[in-house]
Amino acid sequence: MFKLFVQTLGCKVNSYESDALTDCFRERGFELTQDYAQADVFLINTCTVTAEADRKSRQMIRRAKKRAPHAVVAAMGCQVEMNVEKCEADVFVGTKDRIKIVDEVVSLLLQRLNSLQSVKASPSIDRKSCDYQEYGSVVAQDSERAFIKIQDGCDRFCSYCIIPYARGRSRSRSFENIISEARMLSASGYKEVVITGINICAYGLDFPGESVSLVDVVRGIADCKGIHRIRLGSMEPMYLSKSVIENFSGIEKLCKHFHISLQSGSDRVLNAMNRHYDTGFFKELVLEIKRLMPEASITTDIIAGFPSETREEHEESLSFAASCSFSKIHVFPYSSRKGTLAEQLTPVVSPEIIKSRTEDFLELARLSHQVYAMSRIGCQENVLVELREKDGLLSGYSEGYLRVYLQSGDDRLLSNVIQVIPEALFLDGVIGKTMSYEVVNS
Ligand code: SF4
């Protein structure tokens with residue numbers, strides 16, 4: 001994790017703005033430090049209200065460069081605004097659009113990191129993307145797992161979904177920026193990255209005449225040393241094929257956990273949802289995953305009480321979902337979104353019936369998860385140990401996203417991927433014993 005050291009001169013407004021920028025850096029995974037010797041970034045918020053404040057501001061920038069020559073020195077504020085051509089900081093911004101300094105700092109850090117690591121990307125892939133809004137780098141979610149956004153927007157217009165209107169068409173992030181971020185995450189100590197986006201399977205389809213795809217992204221991230229494992233975010237089945245699944249099965253660092261949104265197990269309802277696949281297609285995907293990766297965990301989303309869904313279709317949906325042996329089901333009671341096609345669909349399902357259909361699926365979800373957890377008892381799980389729980393147990397997640405608890409007083413296990421044999425069901429997962437203290441997939 002990169003360390004940020006902040007110095008502020010001047011008024012309360014400056015302090016407020018320093019706090020705001022500090023939060024922006026935190027959102028990118030930076031950690032605040034009070035020790036300038038540890039800083040990777042100095043952020044100096046300057047003041048020019050008096051000649052003395054002006055002098056101190058310049059002095060602070062010079063001192064920072066002297067004290068930590070390896071660090072990025074970033075300056076902003078009134079003194080910079082009035083003396084922009086003389087500013088000696090590595091990156092600087094005046095009083096407007098301050099937030100862009102975060103991107104500039106991150107990009108300079110990445111450049112420095114890249115020059116240290118010099119990992120080459122495949123020259124056969126032109127990774128340009130025109131419209132993707134690049135936010136720079138790390139969005140830290142918790143201590144061990146980080147998210148990499150690779151794509152935004154969606155072209156599918158499922159009849160219940162507002163996303164294509166709210167976020168626009170699908171845009172893929174540049175391959176190079178994704179890989180740079182993965183390297184930065186790895187250098188910051190993250191062991192697991194989750195590939196995320198609105199529709200990650202659409203990655204690369206908007207690059208004209210190009211062949212870069214989600215599989216290339218996973219392989220590219222897998223090549224980053226230090227990343228132990230990669231998890232795929234939610235996927236839309238209409239973009240998956242047997243060959244994509246086959247490619248996934250060959251990537252060792254990829255967690256064999258696939259979250260594929262089913263939404264309904266009734267073909268008529270799927271059609272009304274404008275989902276562009278049927279249950280037969282979905283089942284083929286499930287069978288192919290199980291054929292190539294028998295231990296894979298498949299999770300899904302279901303919408304309960306979609307307009308026009310009959311009692312029989314709901315039963316059909318329940319029984320199809322049960323036949324897929326999902327390890328987890330996220331159940332969403334249908335809620336109408338203004339401006340979507342489904343808003344016009346009739347007959348609407350009453351709130352009481354939506355509630356009862358939601359409960360039916362929640363019960364199936366509970367049972368399915370229990371069956372999956374029981375099926376893992378006695379099997380080897382690679383667990384990223386993340387937490388020391390209040391009751392003293394350690395906990396983490398398996399590749400299949402099963403919560404695994406273990407009894408151990410050894411804090412050295414934290415932040416490592418270790419082998420565990422689950423022995424019994426426990427709380428929301430299983431409890432087991434450590435098989436090996438060796439880091440897996442390093
Ligand atoms: S549900 Fe997914 S695939 Fe369908 S429109 Fe929304 S974001 Fe796109």
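Fair warning: this is a prediction, and the values are worked out from it, not measured in the lab. Whatever order the structure lists ligands and atoms in, that order sets their numbers, starting from 1.
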J.: Start with the C-alpha distance between His259 and Tyr401, add both sets of side-chain angles, then the distance that settles ring-ring contact (aromatic ring centres under 6.0 Å, His included), and finish with yes or no.
T.: CA-CA 10 Å; His259 185 85; Tyr401 214 63; 9.8 Å; no
J.: Mind checking ring pair (Phe, Tyr, Trp, His ring centres under 6.0 Å) for Phe5 and listing every partner two or more places apart, or none if nothing turns up?
T.: Phe42
J.: Could you check whether Glu386 pairs with Arg145 (Lys NZ or Arg NE/NH1/NH2 to Asp/Glu carboxylate O, under 4.0 Å)?
T.: yes
J.: With atoms numbered from 1 as shown, which atoms in ligand 1 lie under 4.0 angstrom from a non-hydrogen atom of Tyr160?
T.: 1 (S)
J.: Got a salt bridge between Arg388 and Asp411, using NZ or NE/NH1/NH2 to carboxylate O under 4.0 Å?
T.: yes
J.: Return all protein N, O or S atoms below 2.8 Å from atom 8 (Fe) of ligand 1, chain by chain in residue order.
T.: Cys154 SG
J.: Holding to side chain to side chain contact (heavy atoms under 4.5 Å, CB included), I want the full list of residues that pass it with Ala373, two or more places apart in sequence or in another chain.
T.: Leu402, Leu425, Val430
J.: Going by ring pair (Phe, Tyr, Trp, His ring centres under 6.0 Å), name the residues that satisfy it together with Tyr160, two or more places apart in sequence or in a different chain.
T.: none
J.: Is it true that Arg366 and Asp360 make a salt bridge, defined as a side-chain N closer than 4.0 Å to a carboxylate O?
T.: no
J.: Measuring from the heavy atoms of Arg275, does anything fall under 4.0 Å of ligand 1?
T.: yes
